[in-house]
Amino acid sequence: MLQHLAAAPITTIAAISGSCMGPGMQLAVACDLRVVNSPARFAVPVAKLGLMVDKWTLDRVARLWGEGAARHMVLTAAVLTDDDARRLGFARERGDLDVAIDPARRAVPLAPLSQSGSKLGMGAIPAPDAVYSEAFARARASKDLVEGQRAFGERRTPSFEGR
């Protein structure tokens, strides 16, 4: 389910308020963007419980928090704060659900093929390079590219269709 969420061809946003630990952290790292509200707390307390988490989650936590913070959380069951999340780049914005809706509003009118292809390229969706190359070629040959360039030249908002 988490990999399907990460692979969604649209931009996904987690609005985090309160505890984000265990399965909550897994949902948060499966999303593309995160908005945190104070006081949010983050942890991967598997060592405290005698558990392990799947490698996909560990890779995502390390990529999104940075390896040092990820090791700290996973190996010592440390709890990090919303300030840590912002400082370390896990979340770029602070606020409640209303604030989390703002980047969604900015993402919705953008070119869908560009967004889904970029997610492939950034490794948000595990895929061989050939899959990214196909997505790149599809976006490059799309009517959305023509529309985006035309709208830019005409100084208007583009109307993308995902084709």
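- In the hydrophobic cluster analysis, where Ile, Leu, Val, Met, Phe, Trp and Tyr join through side-chain heavy atoms closer than 4.5 angstrom, Val53 is grouped together with Val74.
- Through direct or indirect side-chain contacts shorter than 4.5 Å among Ile, Leu, Val, Met, Phe, Trp and Tyr, Val79 is connected to Met21.
- In terms of heavy atoms, Gly148 sits closest to Pro158 at CA-CB, 4.2 Å.
- Atom SG of Cys20 sits about 12.5 Å away from atom CG of Asn37, to the nearest 0.5 Å.
- Between Pro45 and Gly22, the closest heavy-atom pair is CD-N, 4.0 Å.
- Using a 4.0 Å cut-off between charged nitrogen and carboxylate oxygen, Arg71 and Glu67 count as a salt-bridge pair.
- Cluster annotation: Val99 is connected to Leu33 through the hydrophobic network of ILVMFWY side chains, with a link wherever side-chain heavy atoms come within less than 4.5 Å.
- Going from atom CD1 of Ile13 over to atom CG of Leu97 covers 10.0 Å, rounded to the nearest 0.5 Å.
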message: Run Arg63 and Asp59 through salt bridge (charged side-chain N to carboxylate O under 4.0 Å, His left out) and show every step you take.
response: CA-CA 6 Å; Arg63 286 179 58 210; Asp59 287 342; over 6 Å; no

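- Panel note: side chain Arg34, backbone Ala28; a donor-acceptor pair is recorded below 3.5 Å.
- No donor-acceptor pair closer than 3.5 Å links the side chain of Lys119 to the backbone N or O of Ser114.
- Leu113 CG to Leu145 CG: the interatomic distance, rounded to the nearest 0.5 Å, is 10.0 Å.
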field: Residues Glu147, Glu161; criterion side-chain contact (heavy atoms from CB on, under 4.5 Å); working and verdict
entry: CA-CA 9 Å; Glu147 167 61 8; Glu161 298 177 13; over 6 Å; no

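- Both Phe42 and Leu49 are assigned to one and the same hydrophobic cluster, defined by single-linkage of ILVMFWY side chains at heavy-atom distances under 4.5 Å.
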task: Go through Gln115 and Leu110 one step at a time and tell me if the side-chain contact (heavy atoms from CB on, under 4.5 Å) criterion holds.
output: CA-CA 8 Å; Gln115 289 180 351; Leu110 301 176; 3.3 Å; yes

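- More than 12 non-hydrogen atoms from other residues, nucleotides or ligands lie less than 6.0 angstrom from CZ of Arg87.
- Using cut-offs of 30° and 60° for the angle between ring planes, the Phe90 and Trp65 rings count as parallel.
- Rounding to the nearest 0.5 Å places CD of Gln3 at 9.5 Å from CZ of Arg60.
- The minimum heavy-atom distance between Ala30 and Thr12, with the atom names listed, is O-OG1, 4.1 Å.
- Counting heavy atoms from C-beta on, the side chains of Lys48 and Thr76 never come closer than 4.5 Å.
- Clustering ILVMFWY residues whenever any of their side-chain heavy atoms sit less than 4.5 angstrom apart, transitively, puts Val36 in the very cluster that holds Met73.
- Salt-bridge annotation for Asp102 and Arg106: absent, with no side-chain N of the basic residue lying under 4.0 Å from a carboxylate O of the acidic one.
- Put simply, the side chain of Pro112 reaches to within 4.5 Å of the side chain of Asp144, judged on heavy atoms.
- Both Leu51 and Leu58 are part of a single hydrophobic cluster, where members link through side-chain heavy atoms under 4.5 Å apart.
- Ser38 OG to Ile16 CD1: the interatomic distance, rounded to the nearest 0.5 Å, is 13.0 Å.
- Between the Arg155 side chain and the Phe152 main chain, no donor and acceptor come within less than 3.5 Å of each other.
- Between Pro39 and Thr81, the closest side-chain pair of non-hydrogen atoms is not below 4.5 Å.
- When all heavy atoms of Pro9 and Ser116 are compared, the pair lying nearest together is O-CB, 3.7 Å.
- No side-chain donor-acceptor contact under 3.5 Å links Asp32 and Thr11.
- Annotation for Arg41: atom CZ does not count as buried by contact number, only 12 or fewer foreign heavy atoms lying within 6.0 Å.
- When all heavy atoms are compared, the tightest approach of Val35 to Ala100 is CG2-CA, 3.7 Å.
- One finds a salt bridge joining Arg94 and Asp83 here, because a Lys/Arg side-chain nitrogen approaches an Asp/Glu carboxylate oxygen to under 4.0 Å.
- Summarising the geometry, atom OG belonging to Ser19 is positioned 10.5 Å from atom CE belonging to Met25; distances are rounded to the nearest 0.5 Å.
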message: side-chain contact (heavy atoms from CB on, under 4.5 Å), that's the test. Do Met52 and Val46 meet it? Break it down for me.
response: CA-CA 6 Å; Met52 285 185 64; Val46 292; 5.8 Å; no

From CA spacing to verdict: side-chain contact (heavy atoms from CB on, under 4.5 Å), Trp56, Leu2: CA-CA 9 Å; Trp56 181 87; Leu2 297 170; 3.6 Å; yes

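- Pairing each heavy atom of Ala139 with each of Ser142, the nearest pair is O-OG, 2.8 Å.
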